[in-house]
Structures are given as structure tokens and as C-alpha cells.
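Written out below as C-alpha cells is the structure these notes cover.
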Amino acid sequence: MHQRIAQAGNTVVPALLAVESLGFAVKVIGTHVMAWRGEEEYLADDAVALLGLIRLVEIRSWDWAASDAQIEETLRRYEMG
């Protein structure tokens with residue numbers, strides 16, 4: 001069965017609940033959302049982006065940044081450069 005999800009207003013609360021279920025405390029600061037757990041701290045424009053940052057660090061660790069070679073290759077592969 002094909003399933004699809006798109007970022008929209010109805011994904012905000014589920015994203016916040018997902019972040020909380022991972023053990024993070026969450027706070028809304030103006031137009032941003034912040035989450036922290038132990039020594040980890042994340043700040044994003046919205047709850048879905050916040051969850052994305054957390055997942056980024058889970059997958060790539062705190063050395064999440066792409067190298068110049070990775071950036072060039074990825075931009076070329078997705079025809080973005």
C-alpha cells in the first residue's frame with residue numbers, strides 16, 4: 001500500500017509528540033521551537049524541521065556537516081548546482 005505524508009499544519013502536533021517521545025523537553029520561543037535533552041540542544045523554525053534536525057544528528061552524528069566533495073556531488077546528482 002502506497003503511503004504519503006506532506007508537511008502541513010496537521011503534522012505539527014504529531015511532530016511535537018514524536019520529539020517528546022524521544023525524551024526531549026520542548027519550548028516554543030517566538031516563532032521558533034527548541035528541544036533539549038541532556039547536553040543536546042536543537043532550534044528550528046517549526047516542529048517538523050526540529051524533528052528533522054534531531055533525526056539528522058541521529059543518522060550523521062554531531063559531525064553532520066557535509067564535506068565540500070559531498071556538497072558538490074549531491075548538488076550535481078540532484079541538478080541543484
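Numbers for residues simply follow the sequence, beginning at 1.
- Between atom CG of residue Leu16 and atom OG1 of residue Thr11 there is a gap of 9.5 Å, rounded to the nearest 0.5 Å.
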Run the numbers on Val19 and Val33 for side-chain contact (heavy atoms from CB on, under 4.5 Å), then give the verdict. CA-CA 11 Å; Val19 170; Val33 184; over 6 Å; no

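- The minimum heavy-atom distance linking Tyr42 with Leu50 is given by the pair CB-CD1, 3.5 Å.
- Other members of the cluster containing Ile29 are Met34, Trp36, Leu43, with ILVMFWY side chains joined at under 4.5 Å, either directly or via other members.
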Can you give the donor-acceptor pairs under 3.5 Å from side chains of residues 74-81 to other protein atoms, not counting sequence neighbours?
| unit_1 | atom_1 | unit_2 | atom_2 | d |
| --- | --- | --- | --- | --- |
| Thr74 | OG1 | Gln70 | O | 2.8 |
| Arg77 | NE | Glu73 | OE1 | 3.4 |
| Arg77 | NE | Glu73 | OE2 | 3.1 |
| Arg77 | NH2 | Glu73 | OE1 | 2.7 |

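- Listed by chain and number, the hydrophobic cluster partners of Val13 are Leu17, where partners are ILVMFWY side chains within reach of under 4.5 Å, directly or through others.
- Within the structure, every pair that satisfies the salt bridge (Lys or Arg N to Asp or Glu O under 4.0 Å) test and touches residues 58-71, not counting sequence neighbours, is listed here: Arg55-Glu58.
- Residue pairs meeting the salt bridge (Lys or Arg N to Asp or Glu O under 4.0 Å) criterion with at least one member in residues 16-38, sequence neighbours excluded, are Arg37-Glu40.
- One hydrophobic cluster, built from ILVMFWY side chains closer than 4.5 Å, cannot hold both Val48 and Val26; they sit in different ones.
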Throw together a table of side-chain donor-acceptor distances under 3.5 angstrom for residues 1-10, partners on residues two or more places apart or in other chains.
| unit_1 | atom_1 | unit_2 | atom_2 | d |
| --- | --- | --- | --- | --- |
| Gln7 | NE2 | Asp46 | OD1 | 3.3 |
| Gln7 | NE2 | Asp46 | OD2 | 3.3 |

